Amino acid sequence: MSLLLSLRLCVVARTESRLAGSLLLPSPQPWHKFHAGPQLSSSSKELLMKLRRRTGFSFVNCKKALETCDGDLKQAEIWLHKQAQKEGWSKAAKLHGRKTKEGLIGLLQEENTAVLVEVNCWEFHIPGTAVSWVNCETDFVSRNLKFQQLVQQVALGTMLHCQSIKDQLSTYSKGFLNSSELSGLPAGPDREGCLKDHLALAIGKLGENMTLKRAAWVKVPSGFYIGSYVHGAMHSPSLHNLVLGKYGALVICETSEQQVNLQDLGRRLGQHVVGMAPLSVGSLDDEPGGEAETKMLAQPYLLDPSITLGQYVQPQGVSVVDFVRFECGESEEAVEAE
């Protein structure tokens, strides 16, 4: 009996010890029961929805912005943009140097002016006449509205820069901007900062690294015309004269008289440049074949290979003097050659 009594007393002692320990130590609480912050009132929810609609940022980020700015909607919007830019440049620094294979070309033409811009981007996963070229690793991103808006903003910024150059033209003029020059352009009269600021904002929103690569602009006086074409064209949702696609071309023509069908003619010439990828204009005296295969006027006309492009153009009353061609994913060698 004494042995059984001893065992019972030992069990009781251990049980009491565990109970005492449980009273002294706080019991662990499941993570989902922790208090995450004050519940939003109906007015706060309205502010949150309004900020979300205005900026397109996530509900979590919008809520944090409103809490940080004590419910001030304007300050919260400014805070979100600054945070996105800060995060965007951080990602850009981490992913610098990665190659691209997808993107968009945007074609914008206004009266006697056209600009061509290229923007590259690299995919980054977190645990959107002026021709804009935006490259990215994923075609999904190129279909994103914010990505398309970035193309639009870069095209508009470059167009405004070109239009600000005051010169008296007797013939056409064409110029190029490198990456740093393009990045430093003002975003426009209704936008603050430079294009590089809007680039960083897009990086922060999309979670994809991007960089402004190059730009070309063209201005023509009276007696000249800029033909344009984008392959696989789709129109920008917010700018009626901006067209997006995968290939784009500008063709500069000289005409002695106003032609009724110049727009259609310019489009067909642009199609030829996109499809046949000439390296120079050449002349009407060039014979087809041989070294002339890369000369535009000596090439078989894309829409009627039985004649050369020169034979198609000559009866139209225009002279082709220059062109610019952009292709998504174009090699560095092609860019340097241009």
Side-chain angles (χ1 to χ4, degrees), residues 30-95 102-104 106 119 121-128 132 134-157 186-212 234-240 242 244:
W31 65 269
H32 59 272
K33 289 186 178 179
F34 283 155
H35 188 53
Q39 294 295 318
L40 292 174
S41 63
S42 58
S43 59
S44 297
K45 288 179 181 178
E46 289 178 6
L47 277 177
L48 178 59
M49 294 299 294
K50 193 170 185 178
L51 184 61
R52 162 78 170 160
R53 286 193 298 269
R54 274 191 185 185
T55 64
F57 287 99
S58 68
F59 284 107
V60 173
N61 287 332
C62 288
K63 183 174 182 290
K64 185 177 180 181
L66 288 170
E67 290 172 352
T68 303
C69 301
D70 297 324
D72 188 315
L73 187 65
K74 186 175 181 180
Q75 290 302 316
E77 187 173 350
I78 294 172
W79 184 88
L80 279 170
H81 282 72
K82 286 182 177 179
Q83 292 300 310
Q85 286 183 339
K86 187 186 299 183
E87 186 178 359
W89 286 125
S90 175
K91 291 171 184 172
K94 290 178 182 177
L95 300 178
E102 294 292 343
L104 277 180
V119 185
C121 71
W122 294 267
E123 184 181 15
F124 181 82
H125 295 288
I126 304 175
S132 308
V134 181
N135 281 348
C136 62
E137 283 192 333
T138 55
D139 188 55
F140 172 79
V141 175
S142 69
R143 297 194 301 269
N144 184 286
L145 178 60
K146 291 185 178 64
F147 189 76
Q148 295 173 6
Q149 289 172 340
L150 175 63
V151 182
Q152 174 178 310
Q153 191 59 48
V154 176
L156 285 172
D190 58 339
R191 298 292 184 98
E192 295 181 357
C194 300
L195 287 178
K196 63 181 179 181
D197 299 320
H198 291 269
L199 174 69
L201 184 59
I203 293 172
K205 284 185 174 182
L206 291 175
E208 179 144 340
N209 188 28
M210 289 166 267
T211 180
L212 307 182
M234 58 181 175
H235 286 274
S236 166
S238 55
L239 188 63
H240 74 279
L242 176 67
L244 307 171

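In what follows, residues are counted from 1 in the order of the sequence shown. Owing to the predicted nature of the structure, the values given are computational and were not obtained by experimental measurement.
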Nearest-0.5 Å distance, [atom1] of residue [X] to [atom2] of residue [Y]:
{"X": "Lys45", "Y": "Leu48", "atom1": "NZ", "atom2": "CG", "result": "9.5 Å"}
{"X": "Glu67", "Y": "Cys62", "atom1": "CD", "atom2": "SG", "result": "11.5 Å"}
{"X": "Leu80", "Y": "Lys64", "atom1": "CG", "atom2": "NZ", "result": "10.0 Å"}
{"X": "Leu66", "Y": "Asn61", "atom1": "CG", "atom2": "CG", "result": "11.0 Å"}
{"X": "Cys69", "Y": "Lys74", "atom1": "SG", "atom2": "NZ", "result": "12.5 Å"}
{"X": "Leu150", "Y": "Gln153", "atom1": "CG", "atom2": "CD", "result": "8.0 Å"}

Identify the heavy atoms of Leu51 and Ala65 that sit nearest to each other, and give their distance.
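In this case the closest contact between Leu51 and Ala65 is CD2-CB, 4.2 Å.
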